[in-house]
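Let me begin by presenting the structure, written as structure tokens, before commenting on it.
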Amino acid sequence: MTYLFRKLKNLKRHKENGGKEGSSMVSVVIGVLFLSAIALTILTVATRYVVSVIVDRGSSDNFYQTEGILEEVKTGLLEYAGDASETAYKEILENYSKKTGEMKEAFAKKYFSEFAEKLTDTVYTWDDSKLGVVQNCEIERLSSLTKEPGAVKTLPGTDLGFVINYDTTKGYTLTIKNLMIDYTNPTEYRSSIQTDIVFKVPDFKFEGDSTLDELKDYIVISDDTLKVENSNGAGVTFTGNVYTGNRETGIEIGTQNGAAFRSQKIISRGSLDIFTGARVDMAGETGAGDCYLQNICLKPRVSGDDSTLSTHFTMNENAYIANDLNIGDSNSVVSLSGKYYGYSYNEENTTSTITPRSDYSSAILVNGLNTTLNTDGLDKMILAGRTFVSRNSKSTGGVTSSVVSDIMMGESLAVKSNQIAYMLPNEYIKAGHNPVLESEDRTILTESLLNSDIGKYLDSTKPYAENFNNNGYVYFYLKFKDEKSVNEYFKNYYEGTSQDEDGNTVSNKSLLDERAKAYISTSDASGMKLSPNLFLIAGNIIHNYYAASGSGKQQPNYYDNTGKPKQDLLDDGKRIGKSYVGMQLTLLPSGVSENYPDGTTPATPPDSMRLAEGVKPLVEGRIIDFSKLTGVIDKIDSKSGGRVYATPGDYTVDGSISKGIIISGGNVEVTGDFTGLILAKGKVTANNNKNLTADIIMTGKLMEFIKSDKDLSKIFHALNGTVKQDSTNLSECISYQNWKRNEE
């Protein structure tokens, strides 16, 4: 009270003094009241926030628990799906030999039938009339998949069901409908999730099934070389498709041997090598077939052979050649008809500035004397690459090393004698001549060369390349900076002049024509008139060495107006290369992405046009499991009239088995006529003018017989029960639809 009276007294004194102190007191009281109001508000908000956080956290925890129950149900359904897919997969492989598309549809129906049995706990029979119709599903089959079975319910007023639908785009789907997870946890928090669960059909590749379906069209499938020998005269006739797996020599026709291929498809991981005096005729059974090879090489029987024997090669195929047609044998007669695709521009057919390599550049080379090249029958030719001069180098110590980067030429079809156009002129060599002995001064006048008229075409870092031979000579060649430059150089060279050995000025065209006459037969005067309307080339072609007038030269037309290869041509070549890789792996163009039956992946990337090193052989890696072929299996199928003979070792087809399927873990020698299919881990050698003929009907029936025979089926990768379950694939085939949270 004393304090209060003192304040009132002071207040009175304040008034007498003008009222300043009283005004301050009012302000203090108001301020205290305002701060108290703020504090009360903050306390109220904080209390409500704490309560809200606790409630929301409890609700969120409950929702996550509810979601966890749904995930448990989903995981259990994936186990149902895994069991169903494995059962369906095995049944389809064991009982079907149809096209892959039909097998996939059969698999889808069997898969969902098995899955439906898991959902209904009863036998389910597929019925197309039930597509789109909701069918009953036992809720206990889903509630048993979680630790909280009471939380698995259905939407109010509904029953759990499933419906199988078909869409031309999505294919078959199975949808579990009306599912609800409704969960109240021990702290009385409740959450619910409503959803439909949709299952697609897993996209199994049926490893081996698509390849197995192709087998009936083949007469020989070998992981090594197919060789023809001791077949003078008519030679060996192959009627049916052929596959070989040796990456060097895939098919070899020996000296003075004959071979006729009546094949709709010829596939080899290596080259077709034809030796002196052989006669080879390739054509489809009806019209032109398809032939996929690394190279076609006509070779002398020994290096430097001067035989007068004539080698004949006739091809009426759509030929897809990754690298070159190399006519290296003298007196060769080569006739091409159908379509010829030398589709490789560089390693992966890109417009990149990578250094060109001869083994990734498709061309035609005439290296043998007196060659006849008939092209009148061609409908189309593509030569996406250019020719090269094979180059040898030597180390500083004088020891010959391996072949190094070859010397690029400006032609897509070239005669060996044309190499003179790319040799370094004598005036830029200190010794004054080309070639130069290794013991002579080999100094090159580089500055003068780069400052000359041809310097603009050359690689400024080193405008020349040495090429050593075995006789102690070094040949010097021009080294160009890029493909466009070498093309332009050759064009100008061909239209220009130079000095001959006597110092006379001569046209380069005349010089090349004269030198080429040793290589190009006079009987080919009309055959090498290559029509520009039919040819797409990356380099120049002298298409008539016997032209009375005119240039007789076709310029490159593989490029756009900027000097770059046309993208559509590069893409087309890459497409062909990818198809070739697929066929080398599986016999099918799309096979590059298929895993092996043991679940491993081919080393070749899916978008590559080159077969990678280290990929497995076709027969051993994809068709026959030789580890399970421990002894001879010999069985006759009365329905087909054929016989299946399998041996882990070598086998001779001598006529004792004339019809059937021969499976060999070693080499096969054919000395008698045979109809059916030969599958060999090793080489297949055919001789004695025999006939080897595929039989689609009989081989197809034998494959059915094999599938039902426990001894034979176990040696086929796709039939021996090896199923690799891809859980990742299955998990990608399940999704939620009509998903809702906390709605009644």
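All of these numbers come straight from a predicted model, not from anything done at the bench. Just so you know, these numbers use all the heavy atoms, side chains as well, and skip hydrogens, waters and symmetry mates.
Here the two rings, on Y320 and Y292, have centers that are under 6.0 Å apart.
If you check the side chains of D441 and T443, you find a donor sitting under 3.5 Å from an acceptor. Donor-acceptor pairing under 3.5 Å is recorded for the side chains of D329 and T276. Side-chain contact of S498 with N508: a donor-acceptor pair under 3.5 Å is present, judged by distance alone. Of the N and O atoms on the side chains of N323 and N295, at least one donor lies less than 3.5 Å from an acceptor on the other residue. A donor-acceptor pair shorter than 3.5 Å cannot be found between the side chains of N426 and N434. Using a 3.5 Å distance cut-off with no hydrogens or angles, the side chains of S337 and N316 do pair a donor with an acceptor. Side-chain contact annotation: D290 with Q264, donor-acceptor N/O pair under 3.5 Å absent.
Between the CG atom in L365 and the OH atom in Y519 there is a gap of 12.0 Å [rounded to 0.5 Å]. Between the SG atom of C297 and the CG atom of D324 there is a distance of 7.5 Å, given to the nearest 0.5 Å. The line from OG1 of T351 to CG of L570 is 7.0 Å long, rounded to the nearest 0.5 Å. Distance check, rounded to the nearest 0.5 Å: CE of M408 to OG of S361 gives 9.0 Å. In this structure, CZ in F480 is found 8.5 Å from OG in S485, a value given to the nearest 0.5 Å. Distance check, rounded to the nearest 0.5 Å: CZ of R610 to OH of Y580 gives 10.0 Å.
Remark: N667 engages D650, K683 in a side chain to side chain contact (heavy atoms under 4.5 Å, CB included) (not counting sequence neighbours). With sequence neighbours excluded, the residues satisfying ring pair (Phe, Tyr, Trp, His ring centres under 6.0 Å) with Y422 are F490. With sequence neighbours left out, Y345 forms a ring pair (Phe, Tyr, Trp, His ring centres under 6.0 Å) with no residue at all. Residues satisfying the side chain to side chain contact (heavy atoms under 4.5 Å, CB included) criterion with P556, sequence neighbours excluded, are N487, N540, Y559.
Annotation: cation-pi pair K462/Y464 present, NZ/CZ under 6.0 Å from the ring centroid and within 45° of its normal.
Using a 4.5 Å heavy-atom threshold, the side chains of F476 and V436 count as touching. With contacts defined as side-chain heavy-atom distances shorter than 4.5 Å, the pair N392/N469 does not qualify. At a threshold of 4.5 Å between non-hydrogen side-chain atoms, the residues I429 and I444 count as touching. You'll find the side chain of L378 reaches within 4.5 Å of the side chain of Y340, heavy atoms only. The shortest distance between side-chain heavy atoms of L458 and L449 falls below 4.5 Å. Counting heavy atoms from C-beta on, the side chains of M609 and Y343 come closer than 4.5 Å. Side-chain contact between V280 and H312 is absent, with no heavy atoms from C-beta onward closer than 4.5 Å. The shortest distance between side-chain heavy atoms of P463 and Y457 does not fall below 4.5 Å.
When the shell of 6.0 Å around CD of E248 is examined, it contains 12 or fewer heavy atoms from other residues, nucleotides or ligands. Residue E447 qualifies as open at atom CD: its count of foreign heavy atoms under 6.0 Å is 12 or below. The neighbour count for D453 CG, taken as heavy atoms of other residues, nucleotides or ligands under 6.0 Å away, does not exceed 12.
When every heavy atom of V228 is checked against every heavy atom of N257, the shortest pair comes out as O-CG, 3.8 Å. Taking all atoms of both residues into account, the shortest heavy-atom contact from P300 to F275 is O-CD2, 3.6 Å. The two atoms that bring P435 and Y473 nearest to each other are CG-CD2, 3.8 Å, heavy atoms only. Counting all heavy atoms, side chain and backbone alike, N467 lies closest to V389 at ND2-CG1, 4.0 Å. When every heavy atom of R442 is checked against every heavy atom of E438, the shortest pair comes out as NH1-O, 2.8 Å. Here the closest non-hydrogen pair linking C291 and M315 is SG-CE, 4.1 Å.
A salt bridge is defined here as a Lys NZ or Arg NE, NH1 or NH2 lying under 4.0 Å from an Asp or Glu carboxylate O, and D571 with K574 fails to meet this definition. Remark: D273 engages K299 in a salt bridge, criterion side-chain N to carboxylate O under 4.0 Å. A salt bridge is absent between K566 and D568: the closest approach of a Lys/Arg side-chain nitrogen to an acidic carboxylate oxygen does not fall below 4.0 angstrom. In summary, K509 and D513 engage in a salt bridge, as defined by a charged side-chain N under 4.0 Å from a carboxylate O. Look at K491 and E495 and you find a salt bridge, because one of the NZ, NE, NH1 or NH2 atoms lies within 4.0 Å of a carboxylate O, short of that distance.
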Worked verdict on I321 versus I296 for side-chain contact (heavy atoms from CB on, under 4.5 Å): CA-CA 8 Å; I321 310 303; I296 300 173; 3.8 Å; yes

Worked verdict on V242 versus L226 for side-chain contact (heavy atoms from CB on, under 4.5 Å): CA-CA 9 Å; V242 170; L226 171 62; 3.7 Å; yes

Pair I420-R515, side-chain contact (heavy atoms from CB on, under 4.5 Å): steps then yes or no: CA-CA 9 Å; I420 190 176; R515 285 177 171 265; 3.2 Å; yes

Derivation and outcome, ring pair (Phe, Tyr, Trp, His ring centres under 6.0 Å), residues F261 and F238: CA-CA 5 Å; F261 292 86; F238 300 88; 4.8 Å; yes

Trace of the side-chain contact (heavy atoms from CB on, under 4.5 Å) decision for V592 with K578: CA-CA 7 Å; V592 65; K578 288 169 64 176; 5.7 Å; no

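Using a distance-only test at 3.5 Å, with no hydrogens or angles considered, a donor-acceptor pair links the side chain of D560 to the main chain of G563. Judged by distance alone, with hydrogens and angles left aside, the side-chain atoms of Q256 form no donor-acceptor pair with the main-chain N or O of G277 at under 3.5 Å. Between the side chain of T586 and the main chain of M583, no donor-acceptor pair closer than 3.5 Å is present. Judged by distance alone, with hydrogens and angles left aside, the side-chain atoms of S608 form no donor-acceptor pair with the main-chain N or O of T604 at under 3.5 Å. In this structure a side-chain-to-backbone donor-acceptor pair under 3.5 Å is present from S412 to A538. Not a single donor-acceptor pair under 3.5 Å links the side chain of T249 to the backbone N or O of I251. Counting only distance, with no hydrogens or angles, the side chain of S344 and the backbone of S362 share no donor-acceptor pair below 3.5 Å. No donor-acceptor pair closer than 3.5 Å links the side chain of N492 to the backbone N or O of G496. At distances below 3.5 Å, at least one donor-acceptor pair connects side-chain atoms of S330 with backbone N or O atoms of L369. Between the side chain of T497 and the backbone N or O of S507, no donor-acceptor pair lies under 3.5 Å.
For residues 260-272, every residue pair satisfying the salt bridge (charged side-chain N to carboxylate O under 4.0 Å, His left out) rule, not counting sequence neighbours, is listed here: R262-D281. Evaluation of the salt bridge (charged side-chain N to carboxylate O under 4.0 Å, His left out) test over residues 467-482, restricted to residues two or more places apart or in two chains, returns D459-K479.
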